[in-house]
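Below: one structure, written as structure tokens.
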Amino acid sequence: MKSHHLLKTIATHNVRELLFSSSSSSSSSSSNPSVLIDEFINLCHRRDLSRAMEAMNSLQRHGIQADAVTYSELIKCCVAHRAIEQGRAVHKHISSNGHAPQTFLNNVILNMYVKFNLLDDAGNVFDEMPERNVVSWTTMISAYSNNKFDREALGLLVMMQREGVRPNMFTFSSVLRVCDGLETLRQLHSGIVKFGLDSDVFVRSALIDVYAKWGELDDGFCVFKEMVTGDLIVWNSIIGGFAQNGRGEEALDLFKMMRSAGLPANQASLTSVLRACTGLALLELGRQVHAHLLKLESDLILNNALLDMYCKCGSLEDANIVFKRMLERDVISWSTMIAGLAQNGQTMEALELFESMKSLGPTPNYITMVGVLFACSHAGLVDDGWYYFRSMKRLFDVDPGREHYGCMVDLLGRAGKLDDAIRFILKMQCQPDITIWRILLGACRVHRNLDLAIFVGKKILELEPEDEGTYILLSNIYANSQRWEDVAAVRKIMDGRGLKKEPGCSWIEFNKKVHAFMIGDKLHPEIDEIIMKMNLLMRRLMEVGYVPDTNFVLHDLEGEQKEDALQYHSEKLAIVFGLINVPTEKPVRIIKNLRICCDCHTFAKLISMIENRHIVIRDPVRFHHFRNGVCSCGDYW
DNA sequence: TTCCAACCAC
């Protein structure tokens with residue numbers, strides 16, 4: 001299609017050279033109408049904007065018009081040059097004979113205003129068109145959907161059908177992006193089937209994508225499975241859907257299937273694979289992907305995904321190398337790196353990077369500031385946090401939102417300023433949501449404020465009676481205060497509602513396999529060896545002064561039993577597995593689904609000292625790098 | 001016309 005057009009242009013050009021070579025500079029002075037119009041047509045097809053405009057003015061003076069195809073070429077040329085005023089002039093010239101242009105040309109004009117993002121002008125053209133075909137409607141719909149006018153876009157889809165115009169695949173792929181919920185999505189889907197468009201790859205990939213965005217990944221998967229496809233983007237849609245929804249294993253499985261079907265991966269596929277690695281903390285797999293990037297290594301999005309993968313897999317060395325090597329860095333690259341440093345306990349480095357971003361990089365945005373405040377809250381930098389929070393509107397025009405409020409409550413709460421945290425919550429611009437209260441409840445636990453915890457816990461359970469995390473946190477807080485009857489009462493409510501604590505799970509990547517451990521796990525093939533080693537280690541730990549911290553044991557157990565439950569926490573099992581198997585010069589990298597408990601934290605610190613190992617634990621929020629008996633979080637998490 | 005990147009709590 002494109003090459004055909006190119007040939008046509010070259011052919012026209014050559015003819016033009018033959019016919020007009022001697023008169024090209026003075027031809028606009030000719031007054032012969034047929035010469036004028038030929039000249040105009042040739043200039044338009046050559047996309048010579050300024051001379052075509054001059055020629056058009058001559059035509060205007062003679063009251064002559066060219067054909068629709070010529071004008072469409074000229075308008076495309078205006079769009080390509082982003083020449084708004086010239087575009088308007090062409091539009092005016094075309095309308096000057098008093099007749100409405102034919103639908104095709106009107107669509108081209110409509111499209112021009114849409115490309116210039118002049119929606120009012122586009123709307124006027126659209127309203128005045130005597131006849132509107134599917135292209136006219138679809139152009140308007142995509143204009144609205146690109147500008148997030150969801151209701152208008154959906155409204156037009158209904159109106160076009162009322163006027164008897166059948167939507168096509170273009171229409172649906174545009175409108176799917178603005179669909180405002182599952183209800184609408186299912187209606188659109190049935191419309192797609194009704195019009196027989198459900199085999200179009202554009203429609204299918206958009207459908208899969210939107211199902212995934214509305215959390216109905218399985219419906220998206222059905223769309224995918226309905227028919228075998230060799231279309232890379234349809235594959236990318238479903239792989240991306242799984243990767244973004246925390247279903248990394250399925251994303252990786254599908255990627256393997258795609259590769260064995262003989263499809264080559266592109267940067268979008270690899271970006272999703274990296275995202276899956278990030279979610280699963282598969283550093284080694286991520287490294288392999290990195291090693292295979294080759295000619296894609298300058299792709300910005302892919303590099304950003306790579307950065308995030310290294311940060312979230314706890315390898316800041318690699319992240320720093322990627323960041324430094326990147327030829328192009330956008331606000332996402334900087335924000336990712338700042339948040340990554342903060343999550344890995346390198347608060348000062350994070351804030352320094354933020355300073356250099358201010359002088360060398362793009363303007364920080366909403367998310368950058370979340371990372372900055374996160375850095376402050378996890379390092380106890382109350383004054384800095386206040387400063388950044390108060391100045392972000394003035395300096396970067398960022399209005400504080402839920403995430404910033406959350407960080408501030410976290411900052412004040414963690415620092416033990418619970419009163420300030422409450423005052424802050426009451427003064428917030430928005431209603432405190434469940435997240436804010438949860439953050440405060442976490443702070444109550446750290447600072448053992450039982451009364452406030454009970455108050456906040458009630459607040460949360462009013463908003464979300466099934467919130468198991470809150471029950472767990474409350475029962476932990478009661479356990480801290482030895483209030484075993486209250487612990488039992490909370491447990492009873494949980495049992496009554498059928499709520500269960502999410503079982504703690506830790507995993508470690510070793511020899512291209514993921515080894516997962518649950519509390520008191522007896523299933524792992526090497527469990528006997530692990531327990532033997534654990535007992536040896538425990539003896540040595542006791543000698544250096546380790547005392548099991550039973551505060552976090554939920555059940556109302558006594559003494560030694562409590563210690564037993566602690567001793568087989570999943571992260572301890574995973575650490576010991578790592579000590580046995582991972583070569584001594586390499587870090588032992590563990591991933592956890594829940595936050596690490598105090599006892600395991602102490603355990604890991606001491607192990608890193610007596611075994612002289614680097615241990616890295618990723619919990620759902622941040623990293624702990626243990627070296628020589630010290631943790632990068634500074635015992636503040 | 002479709003796919004791919006960063007953020008609070010857990």
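Sequence lines set the chain letters: A, B, ... in the order given, protein chains first and strands last, and positions in each chain run from 1. Computed from a prediction, not measured in an experiment: that's the story for all the values here.
- As judged by a 4.0 angstrom heavy-atom cut-off over every strand, A:Q343 is placed among residues touching the sugar-phosphate backbone only.
- Applying the side chain to side chain donor-acceptor pair (under 3.5 Å) test to pairs two or more places apart or on separate chains, those with a residue in residues 330-340 of chain A are A:N304-A:D330, A:N304-A:S333, A:D330-A:S333, A:S335-A:T368.
- Evaluation of the salt bridge (Lys or Arg N to Asp or Glu O under 4.0 Å) test over residues 395-405 of chain A, restricted to residues two or more places apart or in two chains, returns A:K393-A:D397, A:K393-A:D399, A:R402-A:D433.
- Applying the salt bridge (Lys or Arg N to Asp or Glu O under 4.0 Å) definition to pairs two or more places apart or across chains, those involving residues 286-314 of chain A are A:E284-A:R287, A:R287-A:D318, A:D308-A:K312.
- Counting any heavy atom pair closer than 4.0 Å across all strands shown, A:T336 reaches sugar-phosphate atoms only and no base atom.
- Geometric assessment of A:R166 against the ring of A:F195 yields a negative cation-pi assignment under the 6.0 Å and 45° thresholds.
- The stretch residues 404-417 of chain A comes close to DNA chain B through A:C407, A:D410, A:R414, each having a heavy atom under 4.0 Å from the strand.
- At the heavy-atom level, A:S272 lies under 4.0 Å from the strands shown only through sugar-phosphate atoms.
- In this structure, A:F116 has no ring-ring contact (aromatic ring centres under 6.0 Å, His included) partners at least two apart in sequence or on a different chain.
- Here A:S142 lies out of heavy-atom contact (under 4.0 Å) with every strand.
- When DNA chain B is scanned in the 5' to 3' direction for atoms under 4.0 Å from non-hydrogen atoms of chain A, the outermost contacting nucleotides are B:dT1 to B:dC10.
- For A:E466, the side chain to side chain donor-acceptor pair (under 3.5 Å) partners two or more places apart in sequence, or in a different chain, are A:R497.
- Ring pair A:F389/A:W386 is perpendicular by interplanar angle, where above 60° counts as perpendicular and below 30° as parallel.
- A:K592 comes within 4.0 angstrom of nothing in the nucleic acid, heavy atoms only.
- Residues from residues 243-256 of chain A placing a heavy atom under 4.0 Å of any atom in DNA chain B, listed by number, are A:Q244.
- Listed by first and then second residue, the salt bridge (Lys or Arg N to Asp or Glu O under 4.0 Å) pairs that reach into residues 227-249 of chain A are A:D218-A:R247, A:R247-A:E250, sequence neighbours excluded.
- Residue pairs meeting the side chain to side chain donor-acceptor pair (under 3.5 Å) criterion with at least one member in residues 204-214 of chain A, sequence neighbours excluded: A:H189-A:Y211, A:D209-A:K213.
- Using a 4.0 Å heavy-atom criterion, one finds that A:N365 contacts the bases of the nucleic acid, with or without backbone contacts as well.
- Applying the ring-ring contact (aromatic ring centres under 6.0 Å, His included) criterion to A:W507, with sequence neighbours excluded, gives no partner residue.
- A:A268 pairs by the side-chain contact (heavy atoms from CB on, under 4.5 Å) definition with A:N236, A:N266, not counting sequence neighbours.
- As judged by a 4.0 angstrom heavy-atom cut-off over every strand, A:N266 is placed among residues making no nucleic acid contact.
- Note on A:R204: nothing from the nucleic acid sits closer than 4.0 angstrom, heavy atoms only.
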